[in-house]
Amino acid sequence: MKKRTFYSLIAIALVVAVIGYEFVLKKQEHSEIIEQGSNPKSNTNEFFLPTSTTGQIIHHEGYSLSYSEPHEQAEWVAYELKKSHLSNANYDRPYFEIDQAVKTGAAHWRNYKNSGYDRGHLCPAGDRKYNQNAHDETFLTSNISPQDHGFNSGIWNTLEQKVRYWASKYDGVFVVTGGVLTNDLKTIGEEHVAVPNQFYKVLIDVNSGKIKMIGFLMPHQNSKEPLYKFVVPVDSIEKLTGIDFFPQLGDAIETKLEASADYKDWSFK
DNA sequence: CTGTGCTAC
DNA sequence: GTAGCACAG
């Protein structure tokens, strides 16, 4: 081989290496935050979306979520429950489907079969009954977490119904809900879907004059205690989950609202 | 309302 | 896979 040809090959190799390296870097940058779906403003009037600790946010028509691949479920599901969303429509339950918008692959419903746990909705089907599509969309497995049946049909169901009551009474609320995802959880199924030990729900009402907020943290077991016993400061849930629930709020008001476990503004009738 | 599971095609 | 029905909290 001629010396000149040799150096030409070296030069070409260098160019290829640099381009390749840049390509990989670019790809990594993009993979840091995967975001699927349309702008959340089409989903919610305001931008009340929490931060993601997992880097994978997905917007559906009726709710948004942040998917945690290691736990095979959402770390949060967020949506606005307007008064006008409340409906007595009675849709048939569809089959659960894998959420194709989850690029890392959402769990299959078979993980839950004979596991002893319910496929517990995070955004309840009962909150999305304003049309068939919104209802059926809640049956994506990205919106599901393993829940004990007694818990799901008991205290958790009671809380979900109370949220609907508040949505009606206060003309709409923003809801964020999920399981507390840690690293030492029991799992079910071949894909190892984590079973949370606690579930949370955070609400904010911006439609009733002064902004009010409330947080609930529940052990993953049924309870006959009244709902208000589970009220905690929202920042205690943020500490547990690493999620910032309302980064859009001004710091001053956010700090004040999130530090409080005061529920006097929320009617528990 | 929240769900599971069995049977049959 | 899907439809129907019984069942449980």
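Every heavy atom of this structure was used, including side-chain atoms; hydrogens, water molecules and symmetry mates were not. To find a chain, count down the sequence lines: A is the first, B the second, and so on, and within it residues start at 1.
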Which is true for Glu160(A) with a 4.0 Å heavy-atom rule: it touches a base, it touches only sugar-phosphate, or it touches nothing?
sugar-phosphate

CD on Glu258(A) to CE on Met213(A), rounded to 0.5 Å:
4.5 Å

What is the first contacted nucleotide of DNA chain C and what is the last, in 5' to 3' order, if contact means an atom lying under 4.0 angstrom from a heavy atom of chain A?
dG1(C) to dG9(C)

Checking all strands, does Lys224(A) fall into the base, sugar-phosphate, or nothing category for heavy-atom contacts under 4.0 angstrom?
nothing

Could you verify whether a donor N or O on one side chain and an acceptor N or O on the other, from His60(A) and Asn143(A), lie under 3.5 Å apart?
no

5'-most contact on DNA chain C (nearest-nucleotide basis), Asp92(A) vs Trp109(A), goes to Trp109(A)

Drop me the distance from Ser64(A)'s OG to Glu80(A)'s CD, to the nearest 0.5 angstrom.
11.5 Å

Can you say whether the rings of Phe199(A) and Trp156(A) are parallel (under 30°), tilted (30 to 60°) or perpendicular (over 60°)?
tilted

By nearest-nucleotide position on DNA chain B, the 5'-leaning member of Phe96(A) and Asn157(A) is Asn157(A)

For the pair Trp166(A) (side chain) and Ser267(A) (backbone), establish whether a donor and an acceptor sit closer than 3.5 Å, ignoring hydrogens and angles.
yes

Under a criterion of less than 4.0 angstrom to any heavy atom of chain A, what are the 5'-terminal and 3'-terminal contacting nucleotides of DNA chain B?
dC1(B) to dG5(B)

Does Asp171(A) pair with Lys83(A) as a salt bridge, N-O distance under 4.0 Å?
no

How would you label the contact of Gly126(A) with the nucleic acid (heavy atoms, under 4.0 Å): base, sugar-phosphate, or nothing?
sugar-phosphate

Please work out if Asn114(A) contacts a base, only the sugar-phosphate, or nothing of the nucleic acid, heavy-atom cut-off 4.0 Å.
sugar-phosphate

Contacts of Lys129(A) and Tyr112(A) projected onto DNA chain B by closest heavy atom; the upstream (5') one is Lys129(A)

ring-ring contact (aromatic ring centres under 6.0 Å, His included) with Trp266(A): which of Phe216(A), Tyr228(A), Tyr165(A), Tyr170(A)?
Tyr170(A)

Given the side-chain rings of Phe139(A) and Tyr91(A), with only the six-membered ring counted for Trp, is the space between their centroids under 6.0 Å?
no

